[in-house]
Amino acid sequence: MTGYIQLELGGKKRGVKFGNYALMEYSKLNGTGVAEFNEQNPIKLCADLVYCGLKNNCFVKKETEDFTYDDVVAWVDDMPITQITEITKVFEDSVKATQGVVEIQEAISSNSKEGKSSKK
């Protein structure tokens with residue numbers, strides 16, 4: 001899973017990276033499984049995704065986080081709906097790309113297992 005968007009947040013440009021670390025953070029933040037998303041409240045979902053994506057970007061770049069969850073909620077509250085839609089699309093596209101890779105890996109693994117069992 002890799003998706004990236006740069007946003008103006010808190011008076012500066014910040015990278016929001018959707019990767020496995022972001023999924024792990026989302027899971028911890030919401031007490032869910034890694035692939036479970038609460039879509040009942042799109043503003044909270046967007047705030048959660050941006051927060052976790054910011055944390056992922058800081059982790060990858062070995063930067064110190066200079067924001068809190070409350071900061072992100074306030075930033076998302078000020079965003080136009082078009083920007084929220086764009087963030088959600090980048091996230092969804094990164095999940096779809098990851099799902100495609102998983103399906104290919106599962107198909108290869110399944111074919112490999114079938115090939116071994118037919119040779120016996």
Side-chain angles (χ1 to χ4, degrees):
M1 178 175 150
T2 56
Y4 181 84
I5 187 170
Q6 195 171 58
L7 303 170
E8 178 83 26
L9 299 169
K12 71 182 207 180
K13 289 215 180 261
R14 298 172 188 267
V16 178
K17 179 166 180 48
F18 298 119
N20 291 325
Y21 186 89
L23 285 179
M24 181 184 70
E25 288 297 319
Y26 183 90
S27 179
K28 285 195 296 188
L29 181 65
N30 289 286
T32 64
V34 173
E36 297 173 37
F37 296 97
N38 176 10
E39 296 183 17
Q40 294 176 355
N41 182 339
I43 301 302
K44 179 177 180 345
L45 175 64
C46 186
D48 291 353
L49 293 177
V50 170
Y51 178 70
C52 295
L54 286 168
K55 288 179 70 81
N56 191 158
N57 195 63
C58 286
F59 175 77
V60 169
K61 292 186 173 186
K62 298 181 180 11
E63 296 175 347
T64 302
E65 296 169 18
D66 63 345
F67 55 87
T68 65
Y69 181 77
D70 291 337
D71 292 331
V72 174
V73 169
W75 297 336
V76 170
D77 278 348
D78 292 338
M79 284 180 184
I81 194 68
T82 54
Q83 193 171 33
I84 291 171
T85 302
E86 182 181 10
I87 292 163
T88 305
K89 180 174 178 2
V90 170
F91 174 76
E92 288 173 350
D93 289 349
S94 66
V95 170
K96 287 177 189 173
T98 298
Q99 186 58 38
V101 170
V102 168
E103 288 171 3
I104 290 168
Q105 289 172 334
E106 288 174 350
I108 291 169
S109 176
S110 176
N111 287 339
S112 175
K113 288 177 186 174
E114 290 173 11
K116 286 181 183 178
S117 63
S118 67
K119 290 180 182 178
K120 290 182 181 180

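Residues L45 and Y26 approach most closely at CD1-OH, 3.8 Å, considering heavy atoms. A pairwise comparison of heavy atoms in L49 and V16 identifies O-CG1, 4.4 Å as the closest pair. Nearest heavy atom pair, residue N56 against residue K17, reads CB-O, 3.2 Å. Nearest approach of K12 to E8, heavy atoms of both residues: N-OE2, 3.3 Å.
Considering CZ of F91 and CD1 of I5, their distance stands at 13.0 Å, rounded to 0.5 Å.
The backbone N or O of L23 lies less than 3.5 Å from no partner atom in the side chain of S27, so there is not a single donor-acceptor pair.
With a 4.5 Å cut-off on side-chain heavy atoms, Y21 and V60 do not count as touching. Between V50 and L9, some side-chain heavy-atom pair lies under the 4.5 Å cut-off.
Contacts classified as salt bridge (charged side-chain N to carboxylate O under 4.0 Å, His left out) and involving residues 81-90 (residues at least two apart or in different chains) are given here: K89-D93. The stretch residues 70-80 participates, sequence neighbours left out, in no salt bridge (charged side-chain N to carboxylate O under 4.0 Å, His left out) pair at all.
Scanning for salt bridge (charged side-chain N to carboxylate O under 4.0 Å, His left out) contacts around E65 gives K55, with sequence neighbours left out. When the ring-ring contact (aromatic ring centres under 6.0 Å, His included) test is applied to Y4, no partner is found at least two apart in sequence or on another chain. For Y69, the side chain to side chain contact (heavy atoms under 4.5 Å, CB included) test picks out L29, K44, A47, D48, Y51, V73, with sequence neighbours left out. For K62, there are no salt bridge (charged side-chain N to carboxylate O under 4.0 Å, His left out) partners at least two apart in sequence or on another chain. Applying the side chain to side chain contact (heavy atoms under 4.5 Å, CB included) rule to T88 yields the partners I84, E92; only residues at least two apart in sequence or on another chain are considered.
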Checking L54 against W75 for the side-chain contact (heavy atoms from CB on, under 4.5 Å) test, could you report, in this order, the C-alpha distance in whole Å, the side-chain angles of both residues, the deciding distance, and whether it holds? CA-CA 12 Å; L54 286 168; W75 297 336; 4.1 Å; yes
For side-chain contact (heavy atoms from CB on, under 4.5 Å), just list the numbers for N57 and Q6, CA-CA rounded to whole Å, side-chain angles, deciding distance to a tenth of an Å, and then say yes or no. CA-CA 10 Å; N57 195 63; Q6 195 171 58; over 6 Å; no
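For F59, the CZ atom sits in a loose shell: 12 or fewer heavy atoms of surrounding residues, nucleotides or ligands are nearer than 6.0 Å.
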